[in-house]
Amino acid sequence: MRPVLGIESSCDETASAVLDGEGRVLAEAVLSQEREHAPYGGVVPEIAARAHLAILPDQVHRVMACAGLGFGELGGVAASAGPGLIGGLMVGSQFAKGIAIAHGLPFIAVNHLEAHALTARLPGLVEHGVAFPYLLLLLSGGHCQCVAVEGVGQHVRLGSTMDDAVGEAFDKVAKLLGLGWPGGPALERLAAGGDPRRYTFPRPLLGRPGCGFSFSGLKTAVAHEVARQGAGALSMRVAADIAASFQCAVTDVLVDRAAHAMAMMRERAPDAQLLVVAGGVAANGAIRGALADVADQHGFELIAPPVRLCTDNAIMVAWTGIERLRLGLADGLDVAPRPRWPL
Ligand code: KG4
Ligand code: ZN
């Protein structure tokens, strides 16, 4: 297969990548719009869409030049077409369709969640590759779910959050503690020097059947503690202890939910033995470590792709394009991007 161009623009990362037909990365670029959104404490959809529009054309041309390819040499163009912020999705998928029309190439409308799910199958990531089926724990700022990945386009959602996504909870608690946005990485750094046993925060759904999640009660409990301390007057010591206690509660919940999900996965597929994590929260060292341990206890192996492949990127989009093209699953140019597109 000829090389495939992938475009990611579903949230606040503008990204492009070209992979050869085997899935080797020829060139890639990711530009986070953190600076544009930081003054507002979160992603502003209209600003994101305009930034994608401003960044994408040059970025794609640079990535193609870096790969040493002309558009006519591609085998297809893939773009995230949902779920996500509709403005950004429109920019990315229209841009991809334009290239596809101009050069007579197949277009692939990629489900962003499937792209996270299939990342683990990128050649070279895991020795001998990751075969279906496997269990995916998607832990990002917008999504929190356990998915049985049974094939390309074949996913079964085993459980998901009923309120906030786990990354969203990190971001909201970070904000309460006066950390910048996005808050996950800063909160992890602060927690490293704190006492995780100082505050006993709730562990929502711990021990309950299934593998759903809920984080809003935990976030509210942290907000009450911060208010009790007198928000403006948090000492570094107290802030670090709150951060560590919050991260510990989240970790306990994720470990419990993952254990339930592995049991559910074993019922569906007795031979399943891989637990794959994806999404920005998978960058958290404490969470990765705890998930590796619980996977081991259940006879699973944890596959945690490198952080740059866990957060939003276009390599995963191009790779999903390749997986789908191999099965003849190109899309028509009339496929519209969708803000909601469950797996
Ligand atoms: O997957 P991602 O890059 O974007 C989407 O949400 O799709 O995930 C971003 C989320 C943010 O909520 C961020 O705070 C969180 O991942 N995050 C972390 C860490 N790094 C990023 N959360 C906890 N610990 C981290 N080290
Ligand atoms: Zn994502």
Side-chain angles (χ1 to χ4, degrees), residues 6-15 17 30-34 37-38 41-43 45 48 52 79-85 88-89 92 110-120 136-145 147 160-161 164-177 179-192 194 196 213 215 218-219 222 243-244 246-251 253-254 276-291 304-317 319-320 339-343:
I7 293 174
E8 163 58 36
S9 60
S10 65
C11 190
D12 63 332
E13 264 89 25
T14 314
V30 184
L31 191 74
S32 166
Q33 302 171 5
E34 248 169 68
H37 302 289
V43 180
H52 288 305
S80 280
L85 301 172
L89 293 170
V110 169
N111 179 308
H112 178 90
L113 303 180
E114 174 164 59
H116 276 300
L118 297 179
T119 299
L136 172 77
L137 204 52
L138 180 55
L139 308 173
S140 77
H143 305 280
C144 188
Q145 46 190 266
V147 181
S160 60
T161 184
D164 293 347
V166 59
E168 199 178 347
F170 265 95
D171 291 337
K172 287 176 176 169
V173 167
K175 200 170 183 176
L176 289 169
L177 296 177
L179 306 173
W181 176 88
L187 195 143
E188 183 182 10
R189 281 193 297 275
L190 184 62
F213 302 86
F215 291 103
L218 169 57
K219 173 199 65 191
V222 176
F246 163 78
Q247 186 174 277
C248 182
V250 171
T251 306
V253 167
L254 293 180
V276 174
V277 278
V281 180
N284 186 291
I287 291 174
R288 274 185 184 231
L291 289 175
V307 170
R308 76 184 177 97
L309 293 175
C310 283
T311 52
D312 287 350
N313 65 87
I315 294 174
M316 66 180 190
V317 178
W319 172 244
T320 303
R340 298 179 74 82
W341 186 2
L343 273 179

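Ligands are counted one by one from 1 in listed order, and the atoms in each one are counted from 1 as well. Only this structure's heavy atoms are used, side chains among them; waters, hydrogens and symmetry mates stay out.
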Atom indices of ligand 1, in the order listed, that fall short of 4.0 Å to a heavy atom of Thr311: 3 (O)
Partners passing ring-ring contact (aromatic ring centres under 6.0 Å, His included) against His112 (at least two apart in sequence or in another chain): His116
Any side-chain heavy-atom pair of Pro196 and Gln247 under 4.5 Å: no
Those residues that, when tested against His52, pass ring-ring contact (aromatic ring centres under 6.0 Å, His included) (two or more places apart): none
Donor-acceptor contact below 3.5 Å, side chain Trp341 vs main chain Ala81: no
Heavy-atom gap Cys11 to ligand 1 smaller than 4.0 Å: no
Option nearest atom 15 (C) of ligand 1 (shortest heavy-atom distance, choices Val281, Val166, Asp12): Val281
Protein contact to atom 18 (C) of ligand 1 [nearest heavy atom, distance to 0.1 Å]: Gly184 CA, 3.5 Å
Gly279 neighbourhood, listing ligand 1 atoms whose heavy-atom distance to it stays under 4.0 Å: 1 (O)
Among Val250, Asn284, Leu138, the one residue meeting side chain to side chain contact (heavy atoms under 4.5 Å, CB included) with Val166: Val250
Gly167 neighbourhood, listing ligand 1 atoms whose heavy-atom distance to it stays under 4.0 Å: 12 (O)
Results of ring-ring contact (aromatic ring centres under 6.0 Å, His included) for Phe246 - residues two or more places apart only: Phe170
Check against side-chain contact (heavy atoms from CB on, under 4.5 Å), Gln145 and Leu113: CA-CA 10 Å; Gln145 46 190 266; Leu113 303 180; 4.2 Å; yes
For atom 1 (O) of ligand 1, the option (of Gly280, Ser32, Ala174, Ala283) bearing the nearest heavy atom: Gly280
Ser32 OG to Asn313 CG distance, which is reported to the nearest 0.5 Å: 12.5 Å
Side-chain heavy atoms of Pro83 within contact of His143, under 4.5 Å: yes
Evaluation steps, side-chain contact (heavy atoms from CB on, under 4.5 Å), between Val277 and Leu254: CA-CA 11 Å; Val277 278; Leu254 293 180; over 6 Å; no
Which of the ligand 1 atoms, numbered from 1, are nearer than 4.0 Å to a heavy atom of Gly141: 5 (C), 6 (O), 8 (O), 9 (C), 10 (C), 12 (O)
Heavy-atom pair of closest approach, residues Ser10 and Glu8: OG-OE2, 2.6 Å
Heavy-atom side-chain contact between Lys172 and Asp164 under 4.5 Å: yes
Proximal atoms of ligand 1 relative to Glu188 (non-hydrogen, under 4.0 Å): 25 (C), 26 (N)
Pairwise side-chain contact, Ile315 with Leu309, heavy-atom cut-off 4.5 Å (strictly under): yes
Any N or O of Asn284 closer than 3.5 Å to N or O of ligand 1: yes
Where ligand 1 meets Asp171 - atom numbers and elements under 4.0 angstrom, heavy-atom basis: 11 (C), 12 (O), 13 (C), 14 (O)
Polar atom proximity, Glu13 to ligand 1 (N or O, under 3.5 Å): no
Polar proximity ligand 1 side, Phe170 side, N/O cut 3.5 Å exclusive: no
N or O pair under 3.5 Å between Pro182 and ligand 1: no
Numbering as shown, the atoms of ligand 1 that approach Gly142 to under 4.0 Å (heavy-atom distance): 6 (O)
Polar protein atoms near the Zn ion (ligand 2) [N, O or S; cut-off under 2.8 Å]: His112 NE2, His116 NE2, Asp312 OD1
Check against side-chain contact (heavy atoms from CB on, under 4.5 Å), Trp181 and Val43: CA-CA 9 Å; Trp181 176 88; Val43 180; 3.6 Å; yes
N or O pair under 3.5 Å between Asp312 and ligand 1: yes
